Amino acid sequence: MDRTVTGKVEVWEGSSFPRKLLARGANRVVTGGLVLLAQRILEGNTVKLPSEFRLGDSAAITTDSMTGLQGSTVATIPCSVERRGNVLSWMGTFTYTGQGTKDCLEIGLFQSQADGNTMLARFLPLQQFTIKNGVPIRVTWEIKVGE
């Protein structure tokens, strides 16, 4: 039996169909994220799962020991999680309201500051994308444990 932890991410632009796909790919679950999942199994709901995506501006290669974004935070998106068998799925939407545009080169899946601030996984989109003032962004993220 395969005991891996894998994940995939999709980033969409727009609030209605047809949405524009900005980025899609695999994530990397970091060591702190694996520890978080193990604690959740041992301690149950007292260990909070991630509840926010953080978009950043660094394309530094992801390593197992990373605990945060490698660049400046471009945006933080609250997200909700649901479970389907051995798959955890997060989804969050937001509309950027800053000045001008911001390039996004990395996304992390994090516990909120109040829940421990642990990064579960990091995604480096092959397709750099830009968020623009007034344009809705939707992020979906799945983490699969095992086969």
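Computed from a prediction, not measured in an experiment: that's the story for all the values here.
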Let me see the working for Val11 and Phe129 under side-chain contact (heavy atoms from CB on, under 4.5 Å), right down to the final yes or no.
CA-CA 9 Å; Val11 182; Phe129 62 92; 3.7 Å; yes

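- The minimum heavy-atom distance between Asp115 and Ser51, with the atom names listed, is OD2-OG, 4.4 Å.
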Stepwise, does the side-chain contact (heavy atoms from CB on, under 4.5 Å) test hold for Phe53 with Leu109?
CA-CA 5 Å; Phe53 304 123; Leu109 177 57; 3.7 Å; yes

Leu105/Leu124 under side-chain contact (heavy atoms from CB on, under 4.5 Å): CA gap, chis, key distance, verdict:
CA-CA 6 Å; Leu105 303 171; Leu124 293 176; 5.9 Å; no

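- Between the CH2 atom of Trp12 and the OG1 atom of Thr93 there is a distance of 14.5 Å, given to the nearest 0.5 Å.
- For residues 15-38, the side-chain hydrogen bond (donor to acceptor under 3.5 Å, both in side chains) pairs, not counting sequence neighbours, are Glu10-Arg24, Asn27-Trp141, Arg28-Asp64.
- Asp103 and Val74 get closest at one heavy-atom pair: O-CG2, 3.7 Å.
- Atom CE of Met66 sits about 8.0 Å away from atom CD1 of Ile61, to the nearest 0.5 Å.
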Kindly indicate, with the supporting measurements, whether the criterion side chain to side chain donor-acceptor pair (under 3.5 Å) is fulfilled by Thr118 and Gln111.
CA-CA 5 Å; Thr118 300; Gln111 288 176 314; 3.1 Å; yes

Quick one: do Arg84 and Glu142 satisfy salt bridge (charged side-chain N to carboxylate O under 4.0 Å, His left out)? Show the steps, please.
CA-CA 10 Å; Arg84 295 181 326 275; Glu142 287 188 352; 2.9 Å; yes

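- Separation of atoms CG (Leu69) and CD (Glu106) is listed at 4.0 Å; rounding is to 0.5 Å.
- Counting only N and O atoms by type, the side chains of Thr62 and Arg122 include a donor and acceptor under 3.5 Å apart.
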Worked check of side-chain contact (heavy atoms from CB on, under 4.5 Å) between Val87 and Ile143
CA-CA 6 Å; Val87 177; Ile143 299 287; over 6 Å; no

